[in-house]
Colleague: 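Just dropping this structure here.
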Protein chains: 2
Amino acid sequence: MTMQTEVSQKSTERPKRVRRTGPYKAADARRQAILESAIEHFAQWGYFNSSMPKIAADVGLTKAGLMHHFSSKEELLSAVLELRDQRAFSAFYAEDFGNDPVRYFGQVAAQTAFNESQPGLTQMFSVLAAESSNEEHPAHEYFQRRYKSIVDASSGFMAPMITAGTLREGTDVRQIAAEILAVVDGFTIQWALDKTNTSLHSTVFNYLDRLSRSVTTDGRGLGD
Amino acid sequence: MTMQTEVSQKSTERPKRVRRTGPYKAADARRQAILESAIEHFAQWGYFNSSMPKIAADVGLTKAGLMHHFSSKEELLSAVLELRDQRAFSAFYAEDFGNDPVRYFGQVAAQTAFNESQPGLTQMFSVLAAESSNEEHPAHEYFQRRYKSIVDASSGFMAPMITAGTLREGTDVRQIAAEILAVVDGFTIQWALDKTNTSLHSTVFNYLDRLSRSVTTDGRGLGD
DNA sequence: TTAAAAACCTACCCACAAGAGGGTATTTAA
DNA sequence: TTAAATACCCTCTTGTGGGTAGGTTTTTAA
């Protein structure tokens with residue numbers, strides 16, 4: 001990874017190529033449309049079996065047209081992953097739960113309701129997470145980081161609750177954090193396989209409710 | 001789908017082609033080796049991005065050689081799925097838990113230990129389950145059936161335990177059954193992504209232990 | 001107004017896929 | 001022993017993939 005800095009060689013005065021245009025006005029919408037299309041394709045077919053021509057066709061472009069905006073398939077994937085990180089996490093991490101586990105669990109449940117409303121993105125992450133266990137997958141490191149940081153953040157929320165006395169003494173917050181993540185992922189698979197008979201939100205909610213009753217000091221559930 | 005039956009036109013006597021050979025002696029081992037190779041490839045690359053030539057090369061065959069044994073990629077997938085169903089489930093379903101939830105949960109935990117010892121098969125199922133949410137995936141119906149039958153069987157084990165008084169009154173056995181499945185799937189993903197820092201068995205065990213304490217009438221966990 | 005950059009396109013290349021067709025050598029069982 | 005089925009392999013077809021090269025039109029900003 002070497003960065004090339006432009007150095008002017010001999011002239012002190014700068015004729016300096018003048019900028020004659022910027023991006024077109026409509027370009028942003030195009031790029032957005034491409035990302036949406038890519039999300040749908042990655043969700044349906046995974047990364048490997050999605051194809052640039054098809055993603056392009058879905059937004060009325062040729063492959064070459066698409067590749068003007070995202071110069072490789074990997075770059076497109078990166079952009080998609082980045083997009084999701086922006087959308088979903090900012091809200092969550094800003095929240096202050098005031099050492100109340102029930103509020104925290106409630107927020108997680110709310111997140112799954114959001115996920116259920118965005119089947120494209122949600123299924124895409126489900127498929128890519130499984131696919132990316134392959135070390136040669138371009139998103140392998142991304143998902144390793146992602147899972148680690150989610151568990152870190154989640155247990156970071158819960159750990160102080162033990163000291164604050166709202167979570168039971170001896171609660172293994174890293175186990176709980178990983179477990180919540182596992183339940184969400186697992187139910188997402190079931191929901192993706194059979195959306196008409198499964199509700200992502202309510203199944204996760206039920207789990208969190210029972211979890212809450214067994215790890216909070218006051219034994220409260222989510223339904224109050 | 002029309003079946004063509006061979007009809008002898010005029011002769012009533014039947015010269016009747018005689019069987020001159022059967023399968024070769026070594027063929028079974030070959031087919032077995034192909035299946036093992038396919039499992040590894042499906043686990044690493046999913047179904048779509050696995051390729052017949054590469055699977056073949058891994059057992060020292062050409063693609064055509066492989067296709068003599070499995071005449072299409074889909075047929076190979078079917079054989080792999082069938083193989084797994086034979087291997088893993090026979091033992092489990094034969095078990096009698098004597099209305100003891102702890103024994104049942106213990107058996108589930110034991111299953112994950114087995115899964116952890118078979119990373120190829122386990123990861124393959126993890127990847128295919130996610131991939132097959134696509135309705136055009138050749139294993140789509142298989143996984144729908146599979147998930148339904150697991151939940152059916154699992155809740156079928158637990159339901160009588162309520163009447164027997166070993167599971168708490170009001171326990172939602174279908175929710176619990178689906179939840180256990182979700183936890184196993186979810187932790188499998190985490191384990192596949194980072195095997196050195198995650199133990200599939202112990203994470204699932206911890207979950208089942210807490211589950212057991214909160215749904216059994218005697219509040220027993222798995223550690224006794 | 002105009003030149004340059006942006007936003008496309010067509011036409012390629014090369015690699016690889018699934019599968020069919022048509023072989024040859026090996027093994028089997030009568 | 002021997003004919004037929006088996007277990008391969010080589011080649012071809014057709015299709016698709018990612019990516020590049022070089023054009024043309026459209027938009028932008030000086």
Side-chain angles (χ1 to χ4, degrees), chain A residues 6 14-35 37-38 41-42 44-80 131 134 136-139, chain B residues 6 14-35 37-38 41-42 44-80 131 134 136-139:
Chain A
E6 216 154 90
R14 303 210 167 195
K16 205 57 178 173
R17 279 290 184 342
V18 205
R19 172 164 213 80
R20 294 275 157 142
T21 79
Y24 294 5
K25 212 194 150 203
D28 248 38
R30 235 320 120 75
R31 294 170 66 88
Q32 206 61 34
I34 293 171
L35 290 173
S37 171
H41 278 83
F42 291 154
Q44 277 251 314
W45 303 100
Y47 172 75
F48 289 126
N49 205 63
S50 293
S51 88
M52 302 287 272
K54 286 175 184 163
I55 293 169
D58 269 15
V59 289
L61 284 181
T62 61
K63 177 187 45 164
L66 191 167
M67 294 190 77
H68 169 72
H69 295 282
F70 300 94
S71 55
S72 77
K73 198 182 178 185
E74 273 200 48
E75 192 179 309
L76 179 56
L77 175 63
S78 292
V80 163
E131 207 184 23
N134 180 343
E136 290 177 48
H137 196 289
Chain B
E6 218 155 88
R14 305 217 166 189
K16 206 57 179 175
R17 278 291 184 339
V18 206
R19 171 162 213 80
R20 294 276 158 138
T21 79
Y24 294 7
K25 213 192 149 204
D28 248 38
R30 241 305 123 79
R31 293 171 67 89
Q32 206 58 35
I34 292 170
L35 290 173
S37 171
H41 277 84
F42 291 154
Q44 278 250 313
W45 302 100
Y47 173 75
F48 289 125
N49 204 61
S50 293
S51 89
M52 302 287 273
K54 286 174 185 163
I55 293 170
D58 268 15
V59 288
L61 284 180
T62 62
K63 179 187 41 162
L66 191 169
M67 294 189 77
H68 169 73
H69 295 283
F70 301 94
S71 55
S72 76
K73 198 182 176 185
E74 274 196 42
E75 193 179 307
L76 179 56
L77 177 62
S78 293
V80 163
E131 208 184 23
N134 180 345
E136 291 178 48
H137 196 288

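Numbered from 1 within each chain, the chains take letters A, B, ... in sequence-line order.
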Colleague: State whether the side chain of A/N49 and the backbone N or O of B/N49 hold a donor-acceptor pair below 3.5 Å, judged by distance alone.
Modeller: no
Colleague: Using a strict heavy-atom distance below 4.0 Å, which residues from residues 59-68 of chain B are in contact with DNA chain D?
Modeller: B/G60, B/L61, B/T62, B/A64, B/G65, B/H68
Colleague: Sequence neighbours excluded, which residues qualify as side-chain contact (heavy atoms from CB on, under 4.5 Å) partners of B/S78?
Modeller: none
Colleague: Give, for atom OG of A/S51 and atom NE2 of A/H41, the distance between the pair rounded to the nearest 0.5 Å.
Modeller: 6.5 Å
Colleague: Could you tell me the separation between the NE2 atom of A/H41 and the C1' atom of D/dT16, rounded to a whole number of Å?
Modeller: 14 Å
Colleague: For A/M52, give me all partners under side-chain contact (heavy atoms from CB on, under 4.5 Å), at least two apart in sequence or on another chain.
Modeller: A/K63, A/L66, A/M67, A/K73, A/L76
Colleague: Does A/H69 place a side-chain N or O at less than 4.0 Å from the phosphate oxygens OP1/OP2 of C/dC8?
Modeller: yes
Colleague: Roughly, in whole Å, what's the span from CE in B/M52 to P in D/dC8?
Modeller: 14 Å
Colleague: Rounded to whole angstroms, how far apart are CD1 on A/I55 and C1' on D/dG18?
Modeller: 12 Å
Colleague: Which pairs with one or both residues in residues 46-78 of chain B pass ring-ring contact (aromatic ring centres under 6.0 Å, His included), sequence neighbours excluded?
Modeller: A/W45-B/F48, B/F42-B/Y47, B/Y47-B/H137, B/F48-B/H137
Colleague: So B/S71, base contact, sugar-phosphate only, or nothing? Heavy-atom distance under 4.0 Å.
Modeller: nothing
Colleague: Please list, chain by chain and in numerical order, all residues satisfying side-chain contact (heavy atoms from CB on, under 4.5 Å) with B/T62, sequence neighbours excluded.
Modeller: B/A64
Colleague: What is the distance, to the nearest angstrom, from the CG atom on B/L76 to the P atom on C/dA18?
Modeller: 10 Å
Colleague: Could you tell me the separation between the CD atom of B/E75 and the P atom of C/dA18, rounded to a whole number of Å?
Modeller: 14 Å
Colleague: At less than 4.0 Å, is any side-chain N or O atom of A/S51 found next to OP1 or OP2 of D/dG17? Yes or no.
Modeller: yes
Colleague: Atom CH2 of A/W45 and atom C1' of D/dG17: how far apart are they, to the nearest Å?
Modeller: 15 Å
Colleague: Taking the side chain as every heavy atom from C-beta outward, state whether B/L61 and B/R30 have any pair of such atoms under 4.5 Å apart.
Modeller: yes
Colleague: How far apart are the closest heavy atoms of B/A139 and B/L77, and which atoms are they?
Modeller: CB-CD2, 4.1 Å
Colleague: Using a cut-off of strictly less than 4.0 Å between a heavy atom of the residue and any atom of DNA chain C, enumerate the qualifying residues of residues 24-34 of chain B by number.
Modeller: B/Y24, B/K25
Colleague: Figure out the OH/P separation between A/Y47 and D/dG17, and round it to whole Å.
Modeller: 14 Å
Colleague: In whole angstrom, give the distance that lies between atom CG of B/N49 and atom P of D/dG18.
Modeller: 10 Å
Colleague: So which atom in B/S37 and which in B/I55 form the shortest heavy-atom distance, rounded to 0.1 Å?
Modeller: OG-O, 3.0 Å
Colleague: Counting side-chain heavy atoms from CB outward, which of C/dA17, C/dC8, D/dG18 is closest to A/P53?
Modeller: D/dG18
